[in-house]
Amino acid sequence: MSGSRPSSVSSKASVGRGIDSSKSTITTPQIAQNDHTTEPTTYRPGRVAVTGNEPLPAGQEPLTMITFAGFISPMTANIYFPVLDAVASDLHFSISKANLTLTTYMIMQAFSPTLYGDFGDAAGRRPAFITSFVVYICANLGLALQKNYAALLVLRMLQSFGSSGSLALCYAVVADVAVSAERGKYMGFVSAGINVGPSLSPVVGGGVIGQYLGWHAIFWFCLIYTAVWLVPYVLLVSETCRNVVGNGSTKPTAWRTRPKLRFPNPFNTLRVVFNPDLGLLISYGTIVYLVFILICATLGTQFADRYGYNQLQTGLCYLPYGIGCTVAAVVQGSILGWNYRRLAKKMGMTIDYKRGDDLSKFPIERARLQPVIPILGLGVLATIGYAWALETTTHVAGPLVLLFVVGLCVTGSFSLVNTLVVDLYPEAPATAVAATNLVRCLCGAGATAFIDAMLQKMGVGWTFTFWPLVVAVFSPIIYVLMTRGPGWRAQRKARFQRERERERKEEKERLANEELFEGSDESSAASVEKAKEGEGEKRVEDEKPVIEGRKGESSSS
């Protein structure tokens, strides 16, 4: 916004919740300006719009809520693993049919964010989150009550459809509220929720709830967790999507008259993948993700077979992995922020924490990817060490310590890559993250399908030596992105500007045609009305002689 700001806001703006703006001061988070616009103002639904001279911490309420929301999708996927045998036994079907519920879940997990990402970028984060989790709650209710295989299969797919879209929306909210200089830090907090899910949920689901309360109880747990999250989100958290609230000064209710809503288009996600820099980045991030998910998927069975652990003990073995993931998520934000400031200082650039920085003149690829090299290098070595510690069945402390390092370095590197995905596609961050999710989930579904065959033929030592070596072989992608990435990014920005200019021109022509059409309608209506008036006057004139003649006849008679 330009010009002076109003010092007060009319109390009439405070509607919907009975809040008197004259008696209360409402502070709301500011929305980031995607690195090139003006200082923001945020409108909280049902409350007054508030301006501020100093930027608040980037969206405290939205970021706190999405940190807990990010836990839901990976929790849902992994909480089911430890109770798989119990489900198959209780419902009287084979393990192969039980595995089919995993496969269909992951397929839906790949495609769901492509719809929610596009929907969230067009309609807003709030309606997308609410729709996603209402579907998820209904699916969990059905799963907690069902007692046959067909219902389990269908409802697990519906559960995946409801929960999986939240991942893209979580990262998109960070892009909405945090400028590039601070985005890495807040990405770390969001990644903490996302990374803890695969590690902690087997402990909660299989180790505690499943063993003592039964497998139906894990779905009640998922339902209650999400419902407790959804209520304060609906009541307290502001809309952040820039397509809906602009720089924060637009009321979210105005979206019905702003962008024209359309059915979510999953093909918008494919457009992201076909960008050369984003395609390479997503591919490399997927390879790193495979190391993470394959270790997580096989950890329980490996420790149970080699150390004779029961279900609860096996679940507890996930804790070092989960702790490493959590530490990585928190520490990585500080690392990214430090490297961003270091490069900015080296270039003589002053960081703008209010309006954001012009990334067209800043090597954001280097700022995000430089820390990946040493961190992921250590993660590759730790993964190989973990593989041979299990192969030789050393003391359990050895693989557990290495699991912590793997969670810290491998998972941390994957989160760093996701941060850059959002930086490179600020026009539609939810769609960009959905593209990442689509590729990694499809590849993850394929890899988990044959990982058991690899373990049987190659052994755990060579299997988990192979995957980190694949990461090392493809690591030159990092150098390609740091050197050629800025050029690709500039080309994409120029293409977007041309498309926007064309859209503006088409919209201007459309409005001009509508005004011309309305003007012609008004002119035609005026002509018709004038003609009718003329006919009426003529009719009156024609009737006058008749009436006078009749009067004369009457008088003469």
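Note that the numbering runs from 1 along the sequence shown for the chain. Everything quoted here is computed from the prediction, not taken from an experiment.
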- Task: For side-chain contact (heavy atoms from CB on, under 4.5 Å), just list the numbers for Leu281 and Leu369, CA-CA rounded to whole Å, side-chain angles, deciding distance to a tenth of an Å, and then say yes or no.
- Result: CA-CA 10 Å; Leu281 184 65; Leu369 293 177; 4.3 Å; yes

- Item | side-chain contact (heavy atoms from CB on, under 4.5 Å) between Val234 and Phe133, worked out | CA-CA 11 Å; Val234 171; Phe133 286 142; over 6 Å; no

- Message: Run the side chain to side chain donor-acceptor pair (under 3.5 Å) test on Ser475 and Tyr284 for me, step by step, so that the C-alpha distance in whole Å, both residues' side-chain angles and the decisive distance to 0.1 Å come before the verdict.
- Response: CA-CA 8 Å; Ser475 290; Tyr284 185 71; 2.9 Å; yes

- How far apart are the C-alpha atoms of Leu455 and Gln302, what are their side-chain angles, what is the distance that settles it, and do they pass the side-chain contact (heavy atoms from CB on, under 4.5 Å) test? CA-CA 10 Å; Leu455 289 169; Gln302 289 300 316; 3.7 Å; yes

- Task: Decide yes or no on side-chain contact (heavy atoms from CB on, under 4.5 Å) for Asn437 and Tyr116, but give the supporting numbers first.
- Result: CA-CA 12 Å; Asn437 194 78; Tyr116 281 109; over 6 Å; no

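The side-chain heavy atoms of Phe68 and Cys170, taken from C-beta on, include no pair separated by under 4.5 Å. Within the 4.5 Å cutoff, no side-chain heavy atoms of Tyr289 are placed close to those of Val439. Using a 4.5 Å heavy-atom cutoff, the side chains of Leu143 and Leu223 are not in contact. At least one side-chain heavy atom of Leu403 sits less than 4.5 Å from a side-chain heavy atom of Ile295. Counting only heavy atoms from C-beta outward, the side chains of Ile66 and Phe129 approach each other to under 4.5 Å. Contact check for Leu155 versus Phe219: no side-chain heavy atoms found under the 4.5 Å cut-off. Side-chain contact check for Tyr307 versus Gln313: every heavy-atom pair is 4.5 Å or farther apart. When side chains are defined from C-beta on, Phe464 does not count as touching Leu390, because their heavy atoms never get closer than 4.5 Å.
Between Phe414 and Phe292, the ring centre distance reaches or exceeds 6.0 Å. For Phe71 and Tyr225, the gap between ring centers is short of 6.0 Å. Taking the ring centroids of Trp467 and Trp462, they lie at or beyond the 6.0 Å cut-off.
Considering all non-hydrogen atoms of both residues, Arg368 and Val372 come closest at O-CG2, 3.7 Å. For Met75 against Cys222, the heavy-atom pair with the smallest separation is CE-SG, 3.9 Å. Of all heavy-atom pairs between Gly285 and Val417, the closest is CA-CG1, 4.0 Å. The nearest pair of heavy atoms linking Ala69 to Ser166 is O-OG, 4.1 Å. For the residue pair Cys409 and Ser413, the shortest heavy atom distance occurs at O-OG, 2.7 Å. Taking all atoms of both residues into account, the shortest heavy-atom contact from Leu376 to Val471 is CD2-CG1, 3.7 Å.
Panel note: side chain Arg440, backbone Thr286; no donor-acceptor pair is recorded below 3.5 Å. With Tyr425 contributing its side chain and Val433 its backbone, the two residues share no donor-acceptor pair below 3.5 Å. Checked by atom type and distance alone, the side chain of Ser160 never pairs as donor or acceptor with a backbone atom of Arg156 at under 3.5 Å. Under the 3.5 Å distance criterion, the side-chain polar atoms of His92 are left unmatched by any main-chain donor or acceptor of Asn148. With Tyr149 contributing its side chain and Lys97 its backbone, the two residues share a donor-acceptor pair below 3.5 Å. In this structure, Thr393 contributes its side chain and Arg306 its backbone to no donor-acceptor pair below 3.5 Å. Checking side-chain atoms of Ser163 against main-chain N and O of Tyr136 turns up no donor-acceptor pair under 3.5 Å. Between the side chain of Asn339 and the backbone N or O of Leu336 there is no donor-acceptor pair closer than 3.5 Å.
The OG1 atom of Thr104 sits 11.5 Å away from the CG atom of Leu158 when rounded to the nearest 0.5 Å. Annotation: the span from Asp176 atom CG to Glu239 atom CD amounts to 7.5 Å, rounded to 0.5 Å. Rounding to the nearest 0.5 angstrom, the gap separating the CG atom in Leu378 from the CD1 atom in Ile373 is 14.0 Å. Taken from CG in Leu402 to OG1 in Thr383, the straight-line distance is 9.0 Å, to the nearest 0.5 Å. In this structure, SG in Cys138 is found 12.0 Å from CD in Gln159, a value given to the nearest 0.5 Å. Interatomic distance, Ile287 CD1 to Ile282 CD1, rounded to the nearest 0.5 Å: 12.5 Å.
Applying side-chain contact (heavy atoms from CB on, under 4.5 Å) to Ser164 and the options Pro113, Cys441, Ser132 leaves one that passes, Pro113.
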